[in-house]
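Below, chains carry the letters A, B, ... as their sequence lines are ordered, and counting in each starts from 1.
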Amino acid sequence: MQQSGMQRQAPSPMKPERGTPSRAPSGIIDIAGLSPYNGKRWMIKGRIVTKSDVRTFNSARGPGQLFKIDITDGPGSEIAATFFGGAVDQFYDFLKLHQVYTFAGGSVKAGNPKWDRTPHVITFDQGANIQAAEDDSNIPGLAYQFKTVAQIMEGPKDITVDLRGLISDVRPCTQITMKDGRARPKRSLLIWDPSMGQAGSGHIEFTIWGPQAEKEDYPTEGPIFIKGARVGEFNNTKSLNSVGNTVVAYERPPAVEPAWVEEILAAWNNAGKPAPPRGASARSATIQELHNENMRLSSPMENGGGGFDPNSGPTALRHALVGTVTTVYTERPPYYPACSQMVDDGKGKQRACNKKLSDEGVDCWRCASGHTCQRPQYRYLLRARLADHTGMVEVSSFDEAGRLLFGCEANDLAALWDDENRNEELQQVLKRPYWKRCNFSVRSQKEVWQDEERVKVSVTDIASENMVRDGKKKLSEILTALSEGSAGGA
DNA sequence: CCCCCCCC
């Protein structure tokens with residue numbers, strides 16, 4: 001994804017004769033006039049508004065490489081172009097984002113709305129003829145076809161859309177493990193616009209994937225302008241994702257009239273600055289909210305373990321919360337010896353068995369599945385207490401969360417635990433999690449333990465807390481509360 | 001000729 005806080009300012013006069021092939025002696029035609037019928041006998045002049053990295057791929061014909069650009073020659077007049085093979089080496093460095101070129105020698109074909117946001121696309125190979133052109137103030141930067149939150153919610157998924165709105169929340173960056181095992185950073189923003197009126201919340205989740213998600217230097221409120229986000233769906237709600245050529249701007253692009261910013265800020269105030277709904281990836285919960293919402297959880301054995309009761313609550317709930325670690329229970333080791341035998345996960349992939357190993361003598365450990373090994377790998381399994389200003393909660397944490405809390409592998413902690421001569425060092429490490437203030441992602445489930453129902457809360461992810469961001473947000477909440485208090489004339 | 005675009 002590309003980030004563009006400042007956009008090239010272009011004067012407003014429209015290009016004359018929009019949408020009609022130009023008869024200028026140069027032979028340049030408008031992008032709008034391009035179609036497969038042009039064959040290769042055409043030339044366009046346009047500004048590069050997005051440019052991807054080079055990607056390599058393997059196809060039936062062997063390995064290949066490509067990169068993509070989006071070209072515009074006028075408001076709403078845009079086309080995507082892909083460079084393959086030798087054209088990548090020829091043009092990747094030559095073509096610069098925001099600059100104007102003439103393009104010829106490519107072939108035009110119909111775009112596929114599933115992944116192209118323009119009606120036609122161009123492919124270039126070594127036959128491409130591309131020349132740098134003088135900057136042309138008639139050619140603006142990115143053009144947007146904004147949809148509202150309501151339109152996106154009611155429209156189809158798997159299309160790309162543009163959206164403008166106000167940032168209503170910024171979730172911390174977390175590392176997501178993909179189905180193929182790779183880790184990928186992600187950060188969700190919540191974006192509000194007034195289009196849902198009173199009917200709905202008006203907030204939509206926009207997830208930034210990849211290295212951009214790790215950046216911390218962007219606003220946590222105010223306007224946002226998104227070009228080319230992909231519509232997804234989860235839990236019957238539409239959401240947006242950044243993809244390769246998604247462009248995010250936090251400053252009003254020239255194509256957007258200044259009055260729009262004033263209007264949406266006014267609408268936001270009129271609507272009472274609506275907070276995003278609580279939900280899987282929405283606003284952080286307080287610990288009190290966590291407990292309250294967990295009361296809806298249904299028991300695992302309800303209905304005798306079978307049948308679906310529409311009146312029963314969800315079997316699991318996810319929350320994000322900001323908490324401080326006040327206790328880690330270390331009467332017993334906060335780790336266990338885990339079986340590292342690879343097993344089938346039932347979905348065609350391999351994963352570690354991770355069952356607890358018991359010591360069966362010299363260099364022999366065995367797990368409940370009967371796997372044996374000489375030496376166990378230790379994994380964290382710990383209970384901790386988290387607190388915020390509304391209460392406290394006891395949570396279980398597994399290996400990944402344990403590594404973040406203790407700052408070392410469970411194997412390292414186990415080595416300290418078992419070494420009488422390193423007790424002081426051990427005590428130091430055991431203290432490390434204390435008073436850490438983090439963003440916790442937790443999953444709650446009701447379970448029956450010794451004939452008693454209880455809610456078990458497990459940590460699924462930990463991200464460090466951004467103190468500056470958190471402080472600014474709290475300050476702004478305080479100021480809002482104060483101004484509401486005085487406006488109320490109390 | 002890519003076309004994967006992600007997680008719950």
Notebook entry, point to check: A/K51 side chain to A/Y92 main-chain N or O, any donor-acceptor pair under 3.5 Å?
Noted result: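 Looks like yes, one N/O pair under 3.5 Å.
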Expressed as a whole number of angstroms, how long is the span from [X]:[atom1] to [N]:[atom2]?
X	N	atom1	atom2	value
A/D53	B/dC2	CG	C1'	15 Å
A/F124	B/dC2	CZ	P	18 Å
A/N112	B/dC5	CG	P	13 Å
A/N439	B/dC7	CG	P	22 Å
A/F234	B/dC8	CZ	P	8 Å
A/L240	B/dC6	CG	C1'	15 Å
A/I226	B/dC5	CD1	C1'	16 Å
A/K109	B/dC1	NZ	C1'	8 Å

Base, sugar-phosphate, or nothing for [X], non-hydrogen atoms under 4.0 angstrom?
X	result
A/S59	sugar-phosphate
A/R184	base
A/R443	nothing
A/F84	base
A/D125	base

Taking the minimum atom-to-atom distance to the side chain of [X], which one of [options] wins?
X	options	value
A/K68	B/dC1, B/dC3, B/dC8	B/dC3
A/N241	B/dC3, B/dC1, B/dC7	B/dC7
A/D116	B/dC3, B/dC7, B/dC1	B/dC3

Phosphate OP1/OP2 of [N]: any [X] side-chain N/O under 4.0 Å:
X	N	answer
A/K179	B/dC6	no
A/R182	B/dC4	no
A/R230	B/dC6	yes

- Message: Can you confirm whether A/V343 sits close enough to A/H371 that some side-chain heavy atom of one is under 4.5 Å from a side-chain heavy atom of the other?
- Response: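 Yes, close enough: below the 4.5 Å cut-off.
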- Item | Under the side-chain contact (heavy atoms from CB on, under 4.5 Å) test, residues paired with A/P119 that sit two or more places apart |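 A/P119: no side-chain contact (heavy atoms from CB on, under 4.5 Å) contacts found.
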Counting only pairs under 3.5 Å, give me each side-chain donor-acceptor contact of residues 54-64 of chain A, with atom names and distances, residues two or more places apart or in other chains.
unit_1: A/S59; atom_1: OG; unit_2: A/R61; atom_2: N; d: 3.3
unit_1: A/S59; atom_1: OG; unit_2: A/G62; atom_2: O; d: 3.3

Which of these passes side chain to side chain contact (heavy atoms under 4.5 Å, CB included) with A/N294: A/V442, A/V393, A/L317?
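Testing A/N294 for a side chain to side chain contact (heavy atoms under 4.5 Å, CB included) against A/V442, A/V393, A/L317 leaves exactly one candidate, A/L317.
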